Chemist: 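Please find one structure pasted underneath; my questions will follow.
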Amino acid sequence: MSSLFINRKFALLKSRITIRMKYDFNQIEKKWQDYWAKNQTFKAENNSDKPKFYVLDMFPYPSGAGLHVGHPLGYIASDIYARYKRHQGFNVLHPQGYDSFGLPAEQYAIQTGQHPAITTAENIKTYRRQLDQIGFSFDWSREVRTSDPSYYKWTQWIFIQLFNSWYNNDSDKAEDITELVGIFEKEGNANVNAASDENVDMFTAEDWLSFSSKKQQEILLQYRLTYLAETEVNWCPALGTVLANDEIVNGVSERGGHPVIRKKMTQWSMRISAYAERLLQGLEKIDWTDALKESQRNWIGKSVGASVTFSVMSSAVETSHKISVFTTRPDTIFGVSFMTLAPEHELVSQITTPEQQAEVEAYVEATAKRSERDRMADVKTITGAFTGAYAEHPFTKEPIPVWIGDYVLAGYGTGAVMSVPCGDQRDYDFAKHFNIPIPNIFEGVDISEVAFADKDNTIIANSDFLNGLNYKEATKKVILELEKLGCGEGKTNYRLRDAVFSRQRYWGEPFPVYYVNGMPQMIEAEHLPIQLPEVEKYLPTETGEPPLGNATVWAWDTKNNKVVSNDLVTPSGVEGSHDNGVYPLELNTMPGWAGSSWYFNRYMDANNENEFASKEALNYWKDVDLYIGGSEHATGHLLYSRFWQKFLFDKGLVPVDEYAKKLINQGMILGTSAFVYRLRVNAILEEENIDNINKLEYLKSNYAIYISEGELKCIQGNKEYEKKYEDFKQSYTKFLESELNTTIVKPLIFNFGSCVPIRVKVDYINASDELNVEGLKTDSEFGKEYKNAVFIGENGVIIEGDNEVYKVGRDVEKMSKSKYNVVNPDNICKQYGADSLRLYEMFLGPLEQYKPWNTAGITGVHSFLKKLWKLYIDDNGLKVNDVEPSKDSLKTLHKTIKKVQEDIENFSFNTSVSTFMIAVNELTAQKCTSKAILEQLLVLIAPYAPHIAEELWSQLGNTESISTAPFPKFEASYLVESSKNYPISFNGKMRFTLELPLDMSKDEVEKAVLDHEKTQEQLQGRTPKKVIVVPGKIVNVVG
RNA sequence: GCUGAAGUGGUGGAAUUGGUAGACACGUUGGACUUAAAAUCCAAUGGCCAUUAUGGCCGUGCGGGUUCAAGUCCCGCCUUCAGUACCA
């Protein structure tokens, strides 16, 4: 063996050793991710001696763009919590899955013809790879995908349960529809107190039995918790589908920004309104943020008052028409001087007198033309028309003129109001505008300028039997009187509307529904799932049917219980055709929120083929202990899922009626977008104008281009110059000359404030705001704009020929591919490692807060990890040993334990990271090598930076994963101090510190402080009036 | 308009029950090491004034107040963000 060979071998060995000595995060992270996957380290069992803890993330929609650094924020927080709970000895369920039905995949399919299932599967693969590389402790054996037939089978099953249920207001829960049929057969519907459609006709038992089957089904639809009804919906022509209210932002669709119009359509709806009160009450017992609860309360919009019915007299002739109104102020009924109906109110055409007909029709037409947006934008203009009809006051029997006005909304309450101008500003304005009398029914209140709406600080007057009563007494009394007359009753109204449940889309859950004689029929549960059919194209059909109308195999064979070709459907209305038992299937699909309304239950028993989850699993896990997700779901997902949970609870299918005990909203991580502002030269102030602009404000916000040493440069006015030129008398030119020691040839001052920003890719601007002009010029997308640009000066200003000037600018906004400001976690993991990413995302700031991302800052946490590594391993290998820990290092460890534990429990993850940094800095300074300290430190850090913790843990000789190591126990005794460095203040201002023993009495402390020479200096011979001594905290001398 | 959250250095943020405002980082400046760069290490860094060390004044959006003591509590405003909006 040659010596050369030996040398080479030695060199190789040496390099291998140095690799082991170095913090090689890529290798370490891969190693432990593989280990966790192989050993199923985070698999949760459905039975255990340990107490259970369920940590849930809102599952993502797997978009084609993949994850950006904003997405994992909440997952990192929940992962830290889940890992912490494992250290504490809990059996932790921490699952993840995909909300994989949705519009983008369908849009992509329309454009490319690619089946959404394929793109979705690809996107999920990318998501999984990206999630895995961050090192989450998810139990992937429980993964769910809402678009998977094995999952949506149960979404369809729950839909059937809803269809087969009605809401009994007496028992205050959902009950089986067969019980309702039983009641109808016995006694009709007179005594049924149910959440139902309005205007349900009364019928007796005999009536019921005499009704045709179709009629009976129609009636039942008015009671079912999911029902088919003609509803006015938000129709988006561009997307060819119906949108829910929360899918519309500022009058256009949330996705794509397309216009939305109102349209009447037959749609599936969910009777969520039946649960309004319970959804409201349930908020009391869950630990969600006040902001979130408040927005749900507003959305439910409970108001307590009365309904009052007015009889209508048309042209002084009695009619059978009645106007029903809802009011929260029945106590003001004697202040009614007119009534107002919404222009769309069904009575308008019937009660309008011939004389007023032309005016009313013109008005109705004019309002119909105005879009919803116009009506909302313009609330100041008062418009309306008199119908010529009068209503009769229930008590005074006086005639009340009936008007129509667009300030009354058809969609709220009954679409009609009793107008009390003295007590409501809108009624007041309307009355003033049309010269309608404004009777005052409040004692000692001036209503000559504005209405008096403060119900708690007045006494009713001029109101017959209500005189002298306050709001509460009057309300009670008037409701009693109205009930006596049979023209009103106490009533509670909710703003919450039933939720439309149909979408005219392909990529969603198909309904388990077929139609016989136009009436919907449920497919038996045992035949589920009804899988999405294949279609030629994903667009609506030529006849305007939803995409499923393109399917050729989409009919239900009731004899063989399977989906068959459309050709076999019995042609309806054809003479002599016999019914072969094949019927058309529903063409709509379910909305995005169907699958997400119950997924948290599925995780408990994700692979169960016989039930949506077993009783045992449901009873064991019960509910989510911690739910983390975005606040944008406040009135969508978080309301619908509570509704479904309450329904499932009523049916005895789940053990709790609120599924998430605690919920935290993570804030958004924002991206920095780059803009180029452009200004035309004619807006630039030339030299001769400069003397006129001696205003400080101007200087601050403006820029100047000047020529120095033959080069064009740019400078921005800022605070420094403002300060130096407080009495800004000289010209800007002179300032530049003296300040820059150069001759100004032609200064140009300009302001970018009013310019239109042009978005550019952030890649073209570096950290110092320098613009890569050459790169920008050659860019295929933006290049055209900047062909002739010349870069000048360090501020990234470019000037194009003699005509236009540009300036680079930045703005913080939501991260999005279309804004060119996304930061990909893949690159971060590659360059700094997953542990750095995890720590940095937490370090950025409080979890709930919105905060901008800045990749530059990650070096801080990254070098912290390197320092941590060096605490255990140096060039000579592991340096941890069994020496007795020093007092100082024990103190460092235990104050770290205390702080980190408090932080995790308060979700204050950002301060924990600082605490780790302090601990490592201190232990490094103490040259701590004690295993007793360093081993425990690893457990503290493991939830945050699990890979490095596992690696060092195993290097310390442990053979089991660190993930179940017990969390270190805090011992207060290590923190006990014998002395305190007291801050000594004089009149509240800290002047110096003084080290004093903690066992000193108050008087001794006072004496020690007063005797101190610095105290004498401060007092300068004066006698202090008072000395405040707070033992262990502070001393304040008042003098 | 209403509801909710928030305003602290050049930047992200800390100060959890009123008790040393600016922890921990980023950035910046200076220095060490290096042929050089990177990496690493050391020092300074709220503003202003002064300086030989020592120091002094101001300072948590604005104006008041309570207190020995206020970023923190109270009253009145301003600004920003989010949600919601003619809800009877």
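Quick caveat: nothing in here was measured; it's all calculated off a predicted structure. Each chain gets a letter, A, B and so on, in the order its sequence line appears, and its residues count up from 1.
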Chemist: Do any side-chain nitrogens or oxygens of A:N981 fall under 4.0 Å of OP1 or OP2 in B:G19?
Modeler: no
Chemist: Run the ring pair (Phe, Tyr, Trp, His ring centres under 6.0 Å) check on A:F843 and A:F909 step by step: do they pass?
Modeler: CA-CA 7 Å; A:F843 188 60; A:F909 303 111; over 10 Å; no
Chemist: Once side chain to side chain donor-acceptor pair (under 3.5 Å) is applied, do any residues pair with A:K879, and if so which ones, sequence neighbours excluded?
Modeler: none
Chemist: Could you please name the option among B:C68, B:A25, B:C86 that lies closest to any side-chain atom of A:V1038?
Modeler: B:C68
Chemist: How many whole angstroms separate atom CE of A:M668 from atom P of B:A6?
Modeler: 18 Å
Chemist: Got a list of protein N/O to nucleotides 12-14 of chain B N/O distances below 3.5 Å?
Modeler:
residue : atom : partner : partner atom : Å
B:G12   : O2'  : A:L844  : O            : 2.5
B:G13   : OP1  : A:Q849  : NE2          : 2.6
B:A14   : OP1  : A:N910  : ND2          : 2.9

Chemist: Closer to the 5' end of RNA chain B via nearest nucleotide, is it A:T915 or A:T328?
Modeler: A:T915
Chemist: Just compare B:A85, B:G4, B:C24 and give me whichever is closest to any side-chain atom of A:R495.
Modeler: B:A85
Chemist: Which value, in whole Å, describes the distance between the P atoms of nucleotides B:A38 and B:C24?
Modeler: 26 Å
Chemist: Expected output is a numbered-order residue list: members of residues 412-423 of chain A with a heavy atom under 4.0 Å from any atom of RNA chain B. What is it?
Modeler: A:Y412, A:V417
Chemist: Specify the closest pair of heavy atoms between A:V1038 and A:N987, including all atoms of both residues, with the distance to one decimal.
Modeler: CA-OD1, 3.5 Å
Chemist: Starting from C1' on B:G83, measure out to CG on A:L639 and report it in whole angstrom.
Modeler: 14 Å
Chemist: Among all residues two or more places apart in sequence or in another chain, which pass the side chain to side chain donor-acceptor pair (under 3.5 Å) test with A:T1015?
Modeler: none
Chemist: Give every pair of a protein N or O atom and an N or O atom of nucleotides 57-67 of chain B that lie under 3.5 Å apart, one pair per line with the distance.
Modeler:
residue : atom : partner : partner atom : Å
B:C57   : OP2  : A:R991  : NH1          : 2.9

Chemist: Among all residues two or more places apart in sequence or in another chain, which pass the side chain to side chain contact (heavy atoms under 4.5 Å, CB included) test with A:K870?
Modeler: none
Chemist: Only counting residues at least two apart or in another chain, list the ones meeting side chain to side chain contact (heavy atoms under 4.5 Å, CB included) with A:R297.
Modeler: A:L280, A:L283, A:E284, A:K293, A:E294
Chemist: Using heavy atoms to find the nearest nucleotide of RNA chain B for A:I918 and A:S863 separately, return the residue whose nucleotide is more 5′.
Modeler: A:I918
Chemist: Assign A:D290 to base, sugar-phosphate, or nothing according to its heavy-atom contacts below 4.0 angstrom with the strands shown.
Modeler: nothing
Chemist: Please verify the inter-ring angle class for A:F434 with A:F430; under 30° counts as parallel, over 60° as perpendicular, anything in between as tilted.
Modeler: tilted
Chemist: In whole angstrom, give me the gap between the P atoms of B:C81 and B:U28.
Modeler: 30 Å
Chemist: With a 4.0 Å cutoff (strictly under), does any side-chain N or O of A:K1025 reach OP1 or OP2 of B:C68?
Modeler: no
Chemist: With respect to the side chain of A:Y407, which nucleotide from B:C68, B:C26, B:C86 is positioned closest?
Modeler: B:C86
Chemist: Let me have RNA chain B in dot-bracket notation, would you? Count Watson-Crick plus G-U wobble pairs, both distances under 3.5 Å, and use [ ] for pairs crossing earlier ones and | for inter-strand partners.
Modeler: (((((((..(((......[....)))((((((.......))))))((((.....))))..(((((..]....))))))))))))....
Chemist: So, is B:G12 syn or anti if syn means the angle is within 90° of 0?
Modeler: anti
Chemist: Show every side-chain hydrogen bond (donor to acceptor under 3.5 Å, both in side chains) that has at least one partner inside residues 837-847 of chain A, sequence neighbours left out.
Modeler: A:D79-A:R838
Chemist: Using a cut-off of 4.0 Å on non-hydrogen atoms, how would the nucleic acid contact of A:D424 be classed: base, sugar-phosphate, or nothing?
Modeler: nothing
Chemist: Tell me what A:N493 touches on the nucleic acid: a base, only sugar-phosphate, or nothing, going by heavy atoms under 4.0 Å.
Modeler: nothing
Chemist: According to the interplanar angle, ranging from 0 to 90°, do the rings of A:F25 and A:H862 count as parallel (below 30°), tilted (30 to 60°) or perpendicular (above 60°)?
Modeler: perpendicular
Chemist: Out of B:U20, B:G19, B:U3, which has the shortest distance to the side chain of A:I1028?
Modeler: B:G19
Chemist: Taking atom C1' in both B:G83 and B:A44, compute the distance separating them and give it to the nearest angstrom.
Modeler: 46 Å
Chemist: Name all residues meeting the side chain to side chain donor-acceptor pair (under 3.5 Å) criterion together with A:N854; count only those two or more places apart in sequence or in a different chain, and write none if there are none.
Modeler: none
Chemist: For the pair made of CE in A:M917 and P in B:C24, what is the distance, rounded to whole Å?
Modeler: 10 Å
Chemist: Tell me the interatomic distance from A:K293, atom NZ, to B:A5, atom P, rounded to whole angstroms.
Modeler: 13 Å
Chemist: Please report the shortest heavy-atom distance between A:I441 and A:C422, naming the atom on each side.
Modeler: CG1-SG, 3.6 Å
Chemist: Just how far, in rounded Å, is C1' of B:G83 from CG of A:L638?
Modeler: 14 Å
Chemist: Could you tell me how far apart A:F25 (CZ) and B:A39 (C1') are, to the nearest whole angstrom?
Modeler: 13 Å
Chemist: With P as the reference atom in both, quote the distance from B:A25 to B:U34 in angstrom, rounded to an integer.
Modeler: 27 Å
Chemist: Which whole number of Å gives the distance between the P atom of B:U17 and that of B:A6?
Modeler: 14 Å
Chemist: May I ask you to decide if the ring planes of A:F326 and A:Y412 are parallel, tilted or perpendicular, using 30° and 60° as cut-offs?
Modeler: perpendicular
Chemist: With rounding to whole Å, what would you report as the distance between B:C41 and B:U51 at their C1' atoms?
Modeler: 31 Å
Chemist: Within the structure shown, what part of the strands sits under 4.0 Å from A:S985 by heavy-atom distance: base, sugar-phosphate, or nothing?
Modeler: nothing
Chemist: Could you tell me the separation between the CG atom of A:N921 and the P atom of B:C41, rounded to a whole number of Å?
Modeler: 10 Å
Chemist: Using the test side chain to side chain contact (heavy atoms under 4.5 Å, CB included), find all partners of A:S307 that sit at least two apart in sequence or belong to another chain.
Modeler: A:E489, A:K491
Chemist: Would you indicate which nucleotide in B:A69, B:C41, B:U16 comes nearest to any side-chain atom of A:D903?
Modeler: B:U16
Chemist: May I ask you to verify if any side-chain N or O of A:R297 is less than 4.0 angstrom from the OP1 or OP2 atom of B:G4?
Modeler: no
Chemist: Does a side-chain N or O of A:S303 approach OP1 or OP2 of B:A88 to a distance below 4.0 Å, or not?
Modeler: yes
Chemist: Minimum heavy-atom separation for A:L865 to A:A945, with atom names?
Modeler: CD2-CB, 4.2 Å
Chemist: Return the value, rounded to whole Å, for the distance between atom NE2 of A:H633 and atom P of B:G83.
Modeler: 13 Å
Chemist: Using atom P of each nucleotide, how far apart are B:C2 and B:C57 to the nearest Å?
Modeler: 44 Å
Chemist: Test of understanding: with side chain to side chain contact (heavy atoms under 4.5 Å, CB included), list the residues that count as partners of A:K814, not counting sequence neighbours.
Modeler: A:M668
Chemist: Given side chains that start at C-beta, do those of A:V1035 and A:S985 come closer than 4.5 Å, heavy atoms only?
Modeler: no
Chemist: Please report the shortest heavy-atom distance between A:P343 and A:V408, naming the atom on each side.
Modeler: CD-O, 4.1 Å
Chemist: Looking for any heavy atom pair under 4.0 Å, which part of the strands does A:V1030 touch: base, sugar-phosphate only, or nothing?
Modeler: base
Chemist: For B:U80 versus B:G31, give the span between their C1' atoms, rounded off to a whole number of Å.
Modeler: 42 Å
